[in-house]
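Below is one structure, written out as structure tokens; the observations come after it.
If you're wondering where the values come from, they're calculated on a predicted model, not measured in any experiment. Chain letters run A, B, ... following the sequence lines, proteins first, then strands; residues in each count from 1.
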Protein chains: 2
Amino acid sequence: MDISDRKKKILTAVIDAYIATAEPVGSKLIAQSGGLDLSSATIRNEMAELTAMGYLEQPHTSAGRVPSPQGYRLYVNELMERQRLSMEETERINSAMNLKMQQLDKLMSDIGKLASSLTQYPAVTLAAPVAATITRYDLIYVEADTFIAVVMLDGKDVENKLIHLPFSVDRGMIQRLAAVFNTDFTHITVDQITPERIDRAERACGDTMGLVSVVAAFAIDTLQNASRGEAILSGASNLLALPEFRDPDKAHQLLSYLSDSEHLLGLPAAEGEDSDIQVLIGPENVAEELKDSSVVIARYNAGDNMRGIIGVVGPTRMDYSGVAAKLRYIATGLSRILAAPEPPRGFEKLQVKEMTEDERKDSTK
Amino acid sequence: MDISDRKKKILTAVIDAYIATAEPVGSKLIAQSGGLDLSSATIRNEMAELTAMGYLEQPHTSAGRVPSPQGYRLYVNELMERQRLSMEETERINSAMNLKMQQLDKLMSDIGKLASSLTQYPAVTLAAPVAATITRYDLIYVEADTFIAVVMLDGKDVENKLIHLPFSVDRGMIQRLAAVFNTDFTHITVDQITPERIDRAERACGDTMGLVSVVAAFAIDTLQNASRGEAILSGASNLLALPEFRDPDKAHQLLSYLSDSEHLLGLPAAEGEDSDIQVLIGPENVAEELKDSSVVIARYNAGDNMRGIIGVVGPTRMDYSGVAAKLRYIATGLSRILAAPEPPRGFEKLQVKEMTEDERKDSTK
DNA sequence: ATTAGCACTCAGAGAGCGAGAGTGCCAGTG
DNA sequence: CACTGGCACTCTCGCTCTCTGAGTGCTAAT
């Protein structure tokens with residue numbers, strides 16, 4: 001039972017209208033809204049067939065039609081047009097991307113805000129790293145009882161921590177400590193940091209006061225944090241503006257589901273393809289709480305062993321085309337910025353803020 | 001026109017009942033619920049007077065009474081009992097505080113989650129630093145075209161950034177750079193990082209490639225970030241469970257107000273007293289969006305020039321007593337942990353996770 | 001001073017009704 | 001034969017109306 005071209009056109013019209021209005025769509029509306037030159041009666045017949053085929057649904061006998069998940073699926077797969085972004089939108093995205101002189105987590109939250117304010121749906125950003133290891137340790141002596149531990153992860157991330165001690169140590173000790181860690185604690189995963197290894201290190205640098213343990217604890221924490229991944233929800237309040245979430249219970253249910261980062265981290269269940277958009281429509285979602293919502297997901301590369309995901313959650317009646325276009329644009333932009341070994345910033349920045357290189361040279365003469 | 005003891009008792013009973021049920025309270029209910037041995041008629045008379053005095057309000061003629069903001073104010077100031085936390089609650093708070101081997105911003109978000117899940121209201125955590133400066137720079141050579149910049153702020157915070165260059169530099173250059181920054185760029189505020197100063201530094205270390213600018217840009221960014229303050233909203237979805245926010249429009253309005261960190265940063269308008277709880281009831285809030293919500297705020301010290309605030313937002317019918325007790329406990333705990341020069345962690349941690357010191361020593365023998 | 005009793009008020013729930021939108025089907029038309 | 005106009009039918013939504021019950025304020029009795 002194939003679907004005729006005309007049926008496709010009608011289905012598209014119905015879905016577009018429903019996305020726009022959130023109200024069941026009647027045959028009359030479709031007939032009037034131009035596009036196809038048919039009477040409402042014809043459209044009615046076609047719609048009846050589309051209903052029989054499972055692409056449309058009827059809330060009750062004398063109401064208009066509403067797209068079924070199957071209908072949305074067809075729409076997403078082949079019907080909808082690739083929407084282009086407006087100048088203004090690309091402009092906004094670009095400028096938001098430019099101030100990226102920041103840590104990854106800040107960036108994620110900013111990108112989430114950007115996505116949610118562009119789409120008017122809540123957005124979710126995740127970073128799901130692949131098993132992290134530390135490639136390098138630096139210990140910076142600050143005071144007799146204080147030093148900074150800096151570790152570099154195999155991605156491009158760097159983490160640090162100021163460590164106070166209840167006793168004093170000298171610079172030499174700190175240096176020895178760093179040397180030992182760099183030889184014996186790099187390129188290993190969390191579970192390879194064993195008591196035995198720590199013990200060995202303690203002997204190697206003559207540590208009797210548990211210094212090794214302190215640094216090792218920091219390393220463990222960092223590795224666990226890094227491989228735990230992070231999830232941020234932005235623009236949650238957008239949900240409440242949607243007619244399908246006027247029921248506070250429904251809104252509450254979804255919101256509290258989304259507020260728990262544990263749940264979010266489980267989102268990217270099907271992570272086959274890369275780089276392109278993935279759409280999960282209503283019941284296609286595994287999580288019960290998402291069964292009548294849709295999720296649009298874009299992946300991006302955040303360095304070698306970092307997989308970023310940015311997603312948007314909304315009702316099944318979602319502006320798939322627009323959301324997909326925006327996410328695609330953001331994700332490719334992000335990948336470009338993050339994957340490249342980060343162009344040297346600061347030059348232009350300072351110049352813009354203060355004055356140009358030339359002006360500056362001049363003014364100091 | 002003074003308020004008699006009996007009136008106070010009745011007012012307290014009304015408020016307690018209203019906090020619990022969210023429904024207008026009738027004289028009968030108060031009469032029955034023990035405590036005072038009076039007939040409903042007497043209570044009616046007293047309640048009528050309390051209404052005349054402005055402590056209670058009537059939604060409509062034949063409904064029960066509802067506390068007015070003035071009533072809540074009296075309640076908060078002198079009527080309510082200092083609630084004690086249950087064992088379970090103190091337990092939860094303590095254990096949450098213990099895993100504090102983390103950055104400040106992570107900590108803030110964790111504390112926010114803790115507060116909101118304990119109180120069942122949305123929680124807000126802010127860190128509003130006083131003009132930050134950098135006390136120390138460290139530049140760590142990684143590769144010919146890569147180094148890590150680590151700066152220490154006058155609080156206890158440390159920030160870092162991995163810097164890639166489009167050209168190579170040698171270790172000597174990096175060292176000179178660090179030396180110059182440590183002598184000329186420490187203990188100054190953002191606006192003192194001028195083109196002149198940068199120019200001077202460039203000459204001082206013979207930098208012709210704009211290295212100074214790059215590091216200076218990082219310093220500027222860090223300082224701006226640090227003094228911008230940060231605001232995190234947690235547990236937003238709790239709002240939707242409250243009967244006063246069953247109206248999605250109301251919920252939406254408040255939620256989107258709270259989602260904007262700009263707004264939150266403006267919250268601590270009246271910051272007179274320290275260390276104790278502050279309650280802003282309904283119209284006492286400056287922001288229009290909060291006019292019929294209440295905010296309970298606790299301050300804590302997060303080091304020398306860092307002022308932390310943790311707050312809870314809810315309807316005017318809020319469990320002031322319980323919320324205040326919880327926040328007070330959290331805030332004092334936080335101050336203790338953060339103000340103290342941070343006890344050495346790691347020892348215990350590792351031991352707990354793996355085995356005890358003794359066991360470990362034994363097992364390696 | 002307190003209480004019991006009573007008439008009064010008013011929001012909210014529920015029933016009943018009508019309008020309007022949309023459907024399905026049938027007969028007519030190019 | 002595909003399409004269209006027309007018509008009877010269905011069902012939701014919004015409206016009004018009524019009724020119930022909780023709660024009040026007042027008065028008279030204790």
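Atom pair R44(A):CZ and dA8(D):C1' shows a separation of 12 Å (rounding to whole Å applied). H60(B) places its NE2 atom 8 Å from the C1' atom of dG23(D), with the value rounded to the nearest Å. When the C1' atom of dA11(C) is taken as reference, atom CD of Q58(B) falls 13 Å away, rounded to whole Å. To the nearest angstrom, P of dG25(D) lies 16 Å from NZ of K28(B). Rounded to whole angstrom, the span from the CG atom of L36(A) across to the C1' atom of dC3(D) amounts to 13 Å. With rounding to whole Å, N45(A) atom CG is found 16 Å from dG6(D) atom P. For the pair E49(A) CD and dT23(C) C1', the computed distance is 15 Å after rounding to whole Å. Between K7(B) atom NZ and dT2(C) atom P the separation is 10 Å, expressed in whole Å.
More than 12 non-hydrogen atoms from other residues, nucleotides or ligands lie less than 6.0 angstrom from CD of E78(B). Counting heavy atoms of neighbouring residues, nucleotides and ligands inside a 6.0 Å radius, atom CG of N77(A) exceeds 12 of them.
Checking dA4(C), dG24(C), dT24(D) against the side-chain heavy atoms of A48(A) singles out dG24(C) as nearest. The nucleotide whose nearest atom lies closest to any side-chain atom of R6(A) is, among dC3(D), dA4(C), dT23(C), dC3(D).
In summary, the side chains of T42(B) and R6(B) do not present any donor paired with an acceptor at a separation below 3.5 Å, with no hydrogens or angles considered. Counting only N and O atoms by type, the side chains of S259(A) and S256(A) include no donor and acceptor under 3.5 Å apart.
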Exercise for the section: Please assess L74(A) against L79(A) for the test side chain to side chain contact (heavy atoms under 4.5 Å, CB included), listing each intermediate value before the final yes or no. Expected result: CA-CA 7 Å; L74(A) 186 66; L79(A) 266 37; 4.2 Å; yes
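Taking 4.0 Å as the cut-off between side-chain N and carboxylate O, K326(A) and E89(A) count as a salt-bridged pair.
Scanning all heavy atoms of the two residues, the minimum distance from P122(B) to L239(B) falls at CG-CD1, 3.6 Å.
Taking side-chain N and O atoms only, T42(A) has a distance below 4.0 Å to OP1 or OP2 of dT4(D). The shortest distance between the side-chain N/O atoms of S40(A) and the OP1/OP2 oxygens of dG22(C) is not below 4.0 Å.
Both I43(B) and P59(B) sit near DNA chain C, but only I43(B) has its closest nucleotide nearer the 5' end.
Residues from residues 61-68 of chain B placing a heavy atom under 4.0 Å of any atom in DNA chain D, listed by number, are T61(B), S62(B), A63(B), G64(B), R65(B).
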